[in-house]
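Worksheet: one structure, shown below.
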Amino acid sequence: MKIRHKIAVQFTVLVAVILLVFCVVLHWTAETQRQQNIYSLLQRRAATTARLLVDVREFDANLLRLLDKNSAAKLPNEETFVFDYKDRLIFATANRRPAYLTKHLADDIRINRTVTFQDGGQEVVGIIFTGQYDRFVVVAAATDTAGRLQVRKLARTLTIGFWIGILLTVGLSVLFARQSLRPFQRINQQIAFITARNLSWRIAEGSNRDEIADLATNFNQMLRRLEQAFRQQKQFVSHASHELRTPLSAMKTEIQVGLEQPHSLEEHRQILANLQNDTERLIDLSNGLLQLARLTDNTVEALAFEPLHLEEVLLDARQEVKQSNASCRITFDYAQLPEDNSSTLVQGNATLLKNAVVNLLSNACKYSPDRQAELLLGFDATHCIVTVRDKGIGIAAEDLPHIFELFYRAQHTPVQSGGFGAGLSVTHRIVELHKGTIDVKSTLHQGSEFTIRLPRS
Ligand code: ADP
């Protein structure tokens, strides 16, 4: 069921219930009022009849009956009966004796003084009239034709009013629901046109500041994020293929050269060494991409995090860089750390953290003519602080904001330095996964300083 139909049905049911309760209460009040009116009228009639009969000497039963017969104010089927204390019927305006006139009723009236009830279509009232020498039971009955007619008319009017009200409510609620849901329909239509090809489209947010505008704004924000993710993915694929093509083309050329003409053993050795270099570059590239892909996808949640002593991770990283690059000299100063090494305890994944530091140390060596890097470990109240410093080529101010972007390489970076701009992206992501931060300070031709801050365990 569509929401607008649901709203219309719920609204109609609600109004129907309210109208019904209103009609029932109104009808009940009118009926109660009618009964009270007729009972008090009959009570007055009964008292008057009894007074005339008992207290007024000039009136006898025949005169009273005559009066009653010719009274213009007589109600339909009106009849009055008077009984003395011995339950003898001493006066009656009707010839018949109704079934309700029983000894039990007379006793009831004597006990309760006033009794009212309905018999067939008649309202009946019984009262006690106290005369000079006796107590009389007076019973008056009549059919309240006019009153009943009025209540019936009211009931008819209420029924018609109820159905008109329901019809109006159905119509208005459908109209109202359609009107209120129109903005959603508009948003829906706009959303239907958005595909992966036109993620730059935005839906109209309107000028109102209501829930619908919030929905549109949030949806647009989601589109913005999706668009960004798509753009990054596209960039990633094009960069990756470009980066893969360069060593592959170089390898192809070297193989062609090797095949074209006879070469000396030394030349063959050189070609094979070049091929080996390019193959290593390809392996590095695919490893970097693989690592980045692993770090970005959901399997990150499954990574094992445990308490680590950061100095051990840094020593491992230094060892690894030295092994792969013998010319690199790394000083690691952790002598100032206190005996109690709980201050360098962090919650993390040793392999990932080691990779992050290895990337920084390799860069520091790679981009420093003296192949020297400085590694420092410190801490404050909340964080462990790892610093990698070099006195190398430095990074220009305009490059600094981009160096953590995938495949970004600073403009002045020497081509022969190798690398393809993925290392810092990986490091950044690893630090992010450890809820830490990474900052860089650098001056061109003077050197760079990378600082990682990791929450202490
Ligand atoms: P790669 O070193 O493979 O190019 P990275 O992602 O590790 O990729 O670094 C991105 C870029 O940042 C490098 O190309 C280089 O221009 C710059 N960079 C990183 N570290 C340093 C450093 N210590 N000194 C100077 N430039 C650096």
Side-chain angles (χ1 to χ4, degrees), residues 183-184 186-246 284-303 348-349 352-353 355-356 359-360 363 395-411 413 419-442 450-455:
F184 286 106
R186 179 174 50 77
I187 290 179
N188 226 358
Q189 282 163 357
Q190 292 177 17
I191 290 174
F193 283 105
I194 296 174
T195 61
R197 280 168 209 277
N198 54 11
L199 278 176
S200 57
W201 280 28
R202 297 288 176 266
I203 55 174
E205 292 179 11
S207 52
N208 298 345
R209 292 274 28 104
D210 51 16
E211 288 82 352
I212 293 161
D214 284 351
L215 178 75
T217 310
N218 286 340
F219 191 82
N220 282 343
Q221 272 168 7
M222 189 188 76
L223 277 180
R224 224 161 276 140
R225 287 195 295 270
L226 274 179
E227 191 190 5
Q228 200 182 351
F230 259 72
R231 201 184 310 123
Q232 276 175 354
Q233 208 179 29
K234 265 193 210 158
Q235 270 173 4
F236 180 87
V237 172
S238 76
H239 278 304
S241 41
H242 175 78
E243 292 296 330
L244 283 168
R245 217 174 32 216
T246 316
D284 274 359
L285 174 60
S286 50
N287 279 347
L289 293 180
L290 204 67
Q291 201 174 17
L292 203 73
R294 278 207 196 113
L295 289 173
T296 347
D297 72 17
N298 293 336
T299 53
V300 155
E301 270 68 51
L303 288 173
N349 181 294
L352 290 183
L353 283 178
N355 285 350
N359 287 341
L360 296 184
N363 281 350
I395 304 165
E398 63 267 26
D399 287 321
L400 274 179
H402 305 288
I403 57 160
F404 294 108
E405 288 171 14
L406 185 59
F407 298 124
Y408 189 85
R409 306 198 77 205
Q411 289 147 30
T413 311
F420 42 86
L424 285 185
S425 264
V426 171
T427 301
H428 186 266
R429 179 74 185 130
I430 292 174
V431 173
E432 206 176 58
L433 283 174
H434 285 78
K435 300 197 168 37
T437 55
I438 179 163
D439 293 306
V440 55
K441 277 192 266 175
S442 186
F450 287 83
T451 309
I452 296 177
R453 290 171 62 83
L454 296 169

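Just so it is clear, the model here is predicted, and its values are computed rather than measured.
The side-chain hydrogen bond (donor to acceptor under 3.5 Å, both in side chains) check on Asn287 picks up nothing, with sequence neighbours excluded. Residues passing the side-chain contact (heavy atoms from CB on, under 4.5 Å) test with Ser425 are Leu292, Leu406, sequence neighbours excluded. Residues that satisfy the salt bridge (Lys or Arg N to Asp or Glu O under 4.0 Å) test with Glu432, not counting sequence neighbours, are Arg429. For the side-chain contact (heavy atoms from CB on, under 4.5 Å) test, residues two or more places apart in sequence or in another chain that qualify with Gln190 are Arg186, Ile203, Ala204. Remark: Thr195 pairs with Arg197, Asn198 by the side-chain contact (heavy atoms from CB on, under 4.5 Å) rule, at least two apart or across chains. Arg202 is linked by a salt bridge (Lys or Arg N to Asp or Glu O under 4.0 Å) to Glu227, counting only residues two or more places apart in sequence or in another chain. With sequence neighbours excluded, the residues that form a side-chain contact (heavy atoms from CB on, under 4.5 Å) with Tyr408 are Asp399, His402, Ile403, Glu405, Gln411. Not a single ring pair (Phe, Tyr, Trp, His ring centres under 6.0 Å) links Phe219 to another residue, sequence neighbours left out.
Separating the CD1 atom in Ile430 from the CD1 atom in Ile452 is a distance of 8.5 Å, to the nearest 0.5 Å. Interatomic distance, Leu226 CG to Met222 CE, rounded to the nearest 0.5 Å: 5.5 Å. Here CG of Leu360 is found 11.0 Å from CG of Asn355. Values are rounded to the nearest 0.5 Å. Distance CD1/Ile187 to CG/Leu215: 4.5 Å, rounded to 0.5 Å.
Contact between Ile395 and Ser442 at its shortest, heavy atoms only, is N-OG, 2.8 Å. The shortest non-hydrogen separation linking Ser241 to Ser238 is OG-O, 3.0 Å. Considering all non-hydrogen atoms of both residues, Thr217 and Ala213 come closest at OG1-O, 2.6 Å.
In this pair, Trp201 and Phe193 present their aromatic rings tilted. The plane angle is within the 30 to 60° band.
For the pair Leu352/His434, a side-chain contact is recorded, criterion being any heavy-atom separation below 4.5 Å from C-beta on. At a threshold of 4.5 Å between non-hydrogen side-chain atoms, the residues Leu454 and Leu353 count as touching. Side-chain contact between Phe450 and Leu424 is present, with at least one heavy-atom pair separated by less than 4.5 Å.
Within a 6.0 Å radius of CD in Glu398, more than 12 heavy atoms belonging to other residues, nucleotides or ligands are found.
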